[in-house]
Amino acid sequence: MAESDTRLAWRLFNLNWVPIAAMSGVLLLAVLFGGFSLEPVAFGVMSGMAGEFALMVYLYVWARGSAADPKLMFSLGAIAQLLLIIVIMGPLTYVALTLNAPLQDHTFLAIDRAIGLDPLLLINFVNDHAWLMTTLTTGYGFIKWFLLAVPIILAVTQRLVRLQMFVAAFSFALAITLVISALVPAIGTFYGLNISPADFPSLNTQVYAAQLRDILAVRSGVLRHLELFKLAGVVSFPSFHAASAVLYLWALWPVRGIGKVAAAINILMIASTPVVGAHYVIDVFGGVLLAVTCIAAAKYVAAFVSSRTATAEVGFVPARPIEADAR
């Protein structure tokens with residue numbers, strides 16, 4: 001691994017704290033002035049763990065300087081940043097619901113039907129094939145495992161710039177999802193179709209039940225105390241499950257022996273989203289488009305930083321262009 005890559009990755013790592021700090025500020029304002037409160041133990045433990053990881057990285061770099069092991073510092077640093085993003089953005093998705101914009105379930109349902117992909121057809125098909133529901137539920141749950149796998153794999157294989165672009169794209173995607181979901185909220189396909197999940201005994205509807213409960217509770221003003229480990233996925237459009245799958249797929253695709261396996265798993269995650277997550281098909285399309293856009297934005301930021309700091313001295317040798325690692 002060239003020192004120029006390490007140096008550029010370090011600059012991008014430091015830059016990735018900017019959107020995290022901005023998200024933290026918005027959450028703080030919501031707690032101070034928006035009537036929200038956070039259960040302190042879970043939130044404190046998770047954010048404290050992320051902060052401790054980040055502190056360890058900076059102390060390690062300070063102590064070892066250019067002799068610091070990039071695999072260790074960047075894997076631990078990326079995990080810290082991703083953990084903080086999740087801890088902050090989870091509650092913020094609930095804050096966004098307080099805008100109380102009109103629900104768009106009927107609009108999204110109409111779009112699905114207009115393109116010939118009625119969610120009811122998918123629901124009935126999966127309900128008639130119970131084994132398929134088990135497979136899709138497994139795929140849907142992979143979203144959390146890749147958050148740990150991507151930093152470790154990219155750091156160990158020394159794709160350090162790509163790792164920082166992934167963290168940037170992930171934070172961009174979550175922030176944009178937050179804004180869009182506040183403006184065009186929806187509950188899910190069962191709500192839009194006006195059908196009861198109980199009529200589909202083969203389906204796992206726990207995700208939908210949790211989001212229905214919490215979305216209505218926040219919009220009515222009943223739910224203002226947020227417990228981190230009990231938060232549901234309250235975002236419909238765009239689907240962040242679909243966006244995450246594309247981000248994971250892109251991040252790991254160049255890794256020999258892992259990229260194709262990761263691609264298969266994440267395609268399964270995308271396929272599971274309409275049924276397990278009760279998402280409209282247009283939600284999935286929106287999530288995919290969002291991820292592609294955020295990857296392009298992260299590449300642009302990395303290229304800009306590389307070109308602007310090509311001769312700067314920040315503890316490593318000058319950085320080179322990043323085209324090879326961005327592919």
Side-chain angles (χ1 to χ4, degrees), residues 1 5 9 12 71 74-75 78-79 81-83 85-86 117 122 125-126 129 131-174 176-177 204 207 233 235 237-277 279-302 322-327:
M1 183 69 184
D5 289 331
L12 294 173
K71 294 189 289 293
F74 284 111
S75 60
I79 290 172
Q81 290 184 331
L82 290 169
L83 183 57
I85 292 169
I86 294 300
L117 294 170
L122 297 175
F125 181 81
V126 176
H129 301 80
W131 64 269
L132 184 55
M133 188 66 211
T134 302
T135 303
L136 293 175
T137 300
T138 300
Y140 194 80
F142 270 102
I143 187 172
K144 55 182 178 292
W145 298 112
F146 277 104
L147 274 178
L148 179 62
V150 169
I152 294 174
I153 293 171
L154 291 185
V156 168
T157 58
Q158 301 193 66
R159 290 173 169 83
L160 305 181
V161 174
R162 194 177 194 87
L163 174 55
Q164 303 314 310
M165 289 192 290
F166 166 76
V167 174
F170 193 86
S171 64
F172 295 163
L174 257 176
I176 295 171
T177 296
N204 180 350
V207 172
V235 172
F237 180 85
S239 166
F240 193 71
H241 249 81
S244 296
V246 174
L247 292 173
Y248 297 150
L249 193 158
W250 170 80
L252 296 177
W253 179 252
V255 182
R256 187 185 302 273
I258 295 178
K260 292 182 179 180
V261 175
I265 293 173
N266 283 292
I267 290 171
L268 176 61
M269 191 194 305
I270 293 173
S272 72
T273 301
V275 178
V276 182
H279 277 278
Y280 300 96
V281 177
I282 192 61
D283 296 348
V284 178
F285 289 159
V288 171
L289 178 60
L290 173 64
V292 171
T293 302
C294 290
I295 290 169
K299 287 182 179 181
Y300 176 83
V301 170
I322 61 164
E323 284 79 1
D325 200 23
R327 286 194 295 267

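- The distance from atom CZ of Arg256 to atom OG1 of Thr157, rounded to the nearest 0.5 Å, is 12.0 Å.
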Does the pair Val150 and Leu247 meet the rule for a side chain to side chain contact (heavy atoms under 4.5 Å, CB included), with working shown?
CA-CA 10 Å; Val150 169; Leu247 292 173; over 6 Å; no
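- Put simply, CG on Leu160 and CD on Gln158 are 6.5 Å apart, with the number rounded to the nearest 0.5 Å.
- Considering all non-hydrogen atoms of both residues, Gly286 and Phe237 come closest at CA-CE1, 4.0 Å.
- Going from atom CD1 of Ile152 over to atom CG of Leu163 covers 10.5 Å, rounded to the nearest 0.5 Å.
- The shortest side-chain heavy-atom distance between Ser171 and Ile85 falls under the 4.5 Å cut-off.
- Rounding to the nearest 0.5 Å gives a distance of 8.0 Å between CG of Leu154 and CZ of Phe166.
- Taking the side chain as every heavy atom from C-beta outward, Leu82 and Pro151 approach each other to under 4.5 Å.
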Can you list, pair by pair, the side-chain donor-acceptor contacts under 3.5 Å of residues 135-147, counting residues two or more places apart and other chains?
unit_1, atom_1, unit_2, atom_2, d
Thr135, OG1, Trp131, O, 3.1
Thr137, OG1, Met133, O, 2.8
Thr138, OG1, Thr134, O, 3.0
Lys144, NZ, Gly141, O, 3.2

Please tabulate, one pair per line, all N/O donor-acceptor pairs under 3.5 Å involving side-chain atoms of residues 258-268, not counting sequence neighbours.
unit_1, atom_1, unit_2, atom_2, d
Asn266, ND2, Ala262, O, 2.7

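- Between the side chain of Arg162 and the backbone N or O of Leu252, no donor-acceptor pair lies under 3.5 Å.
- Here the side chains of Tyr280 and Thr273 are not in contact, with every heavy-atom distance at 4.5 Å or above.
- The CD1 atom of Ile153 sits 12.0 Å away from atom OH of Tyr248, with the distance rounded to the nearest 0.5 Å.
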Side chain to side chain contact (heavy atoms under 4.5 Å, CB included) assessment of Phe170 paired with Ile86
CA-CA 10 Å; Phe170 193 86; Ile86 294 300; 3.8 Å; yes
Any chance you could lay out the side chain to side chain contact (heavy atoms under 4.5 Å, CB included) test for Met165 and Trp250, step after step, and finish with the verdict?
CA-CA 11 Å; Met165 289 192 290; Trp250 170 80; 3.9 Å; yes
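- Pairing each heavy atom of Lys71 with each of Ala155, the nearest pair is CG-O, 3.2 Å.
- His279 contributes no side-chain N or O that, together with a main-chain N or O of Val275, makes up a donor-acceptor pair within less than 3.5 Å.
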Stepwise, does the side chain to side chain contact (heavy atoms under 4.5 Å, CB included) test hold for Phe74 with Gln164?
CA-CA 9 Å; Phe74 284 111; Gln164 303 314 310; 3.4 Å; yes
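- Looking at heavy atoms from C-beta onward, Ile270 lies in side-chain contact with Val246 at the 4.5 angstrom threshold.
- In terms of heavy atoms, Pro238 sits closest to Gly287 at CB-N, 3.6 Å.
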